[in-house]
Visitor: 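First the structure, which I've put down as structure tokens, then a few questions once you've had a look.
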Amino acid sequence: MSADAASLHPGGGDLLVRGARAYPPGPEAPPLSVRVRAGRIVEVAGELAARGEPVLEARGRTLIPGLVDVHVHFRDPGLERKEGWERGSAGALFGGVTAVVEVQNNPPLSISRAALEARLAHVRARSRVDFGCLANLLPASLEELDAMAPLTPAFKLFLGGSTGMGGLEDRATLRTLFAAAARAGRMIVAHCEDEELLKEGKHRFKGASVAEHHLVRSHEAEERSIDTAIELARTTGAGLHVFHISAAGGVARVRAARAAGIPIGSSTAPHYLLLSCEDAPRLGNFLKVNPSIKTPADAEAILAGLRDGTVEAIGTDHAPHPRDEKERPYEHAPSGMPSVDLLWPLTWELVRRGWLTPECALASVTSSAADSLHLARKGRLEPGCDGDLVLFDPDERRTVRGAELPSRSKWSAYEGWELAGFPQVVVRRGLVAFADGSLRVEAGGEPLAFDPPRPRSAARG
Ligand SMILES: [Zn+2]
């Protein structure tokens, strides 16, 4: 029986994957087999015998859990011409990603329960991977936070403006938003750049090019904004996760806050680890993302943050734009780059370079990523977890060609890079969703499960 004929149950299929090798790869890696029933893992062992379910022969490839990308923008509904869920979720599978957390930063925003419900229904009809949709935390959504809290893993707040979203600089407004999120019992995920310093940077570097993007949107902008967010989290009791840390000072602030007992999490993106401001002459506006990509020393500090657990996850901040828009002059080019299609090869590259241990790299895109946003049943090869699996060959190398990636933007900041570890088979809840370069599913993604809201009664400090 072939895996393609996987018998379907509501929510997932039955499948036995056998003959795989455990992670990390190497001559000592033991054999590994996983049995999935009705979409959930029921057995994990070296060897397992078939019990009538479809069998996928792994032929010695390395088996890891499906990846969780904690931060993508698929711009759908509203800007489908830039990506859309159909292409975006195809790119996710290509990168080994079986679950995404999506941030809508173009209208219609999720500022009411009705808007969020409509978005979830829209996405469910289109996504090939499981998904969480973040609700927007804005003055306009204040009245609806309690109603939205059960439907979203977190509220997204832009302290600094970025492509498509204005930032908030008024401290009283921010305090109101933090307090309301705390009452609703949902964590805030924050884009931390200080709006006042961003405006000042734009003014100070008039006529800047992408080579000065990290000066226009400075280290200090991120650091001051994280200070603000930490202080508001401390005094209101709101849970906080700082998205896309880009600066050494950002890592240091989160580390210090955690040491002081303030429950704060954070994540970064592959481009803050593998690229730097020194790539501007080569990449032009392809390097233009927000927060800005800073220096090699900042990348070093973020890697140290991943190693000691200060930075819990690597999410792509996949933010596609058409090539012609990126080729406009610096000040008119939109910020953001695609990379969900490459999440596992880029993460594996961090191991190949000896920058992260295999264990740390994998956790940052699976178990630790899921935990950072309290997502249930994702990112682990354990009974009870979803049967989301990736098979890859650690040594098979391919050259990145943006035009060949599923994402609609058809360009990549990693063009021409030789990467290894491209996912060869991706299983989503027991169903083969991608194999040998081909998509095997249309839609079928389900909303992610996450911890229920936990209202906080008393503010601290
Ligand atoms: Zn983003």
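Keep in mind that the numbers below use all heavy atoms, side chains included, and drop hydrogens, waters and symmetry copies. Both ligands and their constituent atoms are indexed starting at 1 by order of listing.
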Visitor: For Asp371 and Ser368, does a side-chain donor sit closer than 3.5 Å to a side-chain acceptor?
Guide: no

Visitor: Measure centre to centre between the rings of Phe243 and His191, then say whether the value is under 6.0 Å.
Guide: no

Visitor: Classify the side-chain pair Asn290/Ser335 by whether it contains a donor and acceptor separated by less than 3.5 Å.
Guide: yes

Visitor: Under 2.8 Å from the Zn ion (ligand 1), which protein N/O/S atoms are there?
Guide: His71 NE2, His73 NE2, Asp317 OD1

Visitor: Just wondering, do His321 and Arg75 contact through their side chains at under 4.5 Å, heavy atoms?
Guide: yes

Visitor: Does the side chain of Lys294 pick up a donor-acceptor pair with the side chain of His219 at under 3.5 Å?
Guide: no

Visitor: Pick from Arg126, Lys156, Arg119: which one makes a salt bridge (charged side-chain N to carboxylate O under 4.0 Å, His left out) with Glu102?
Guide: Arg119

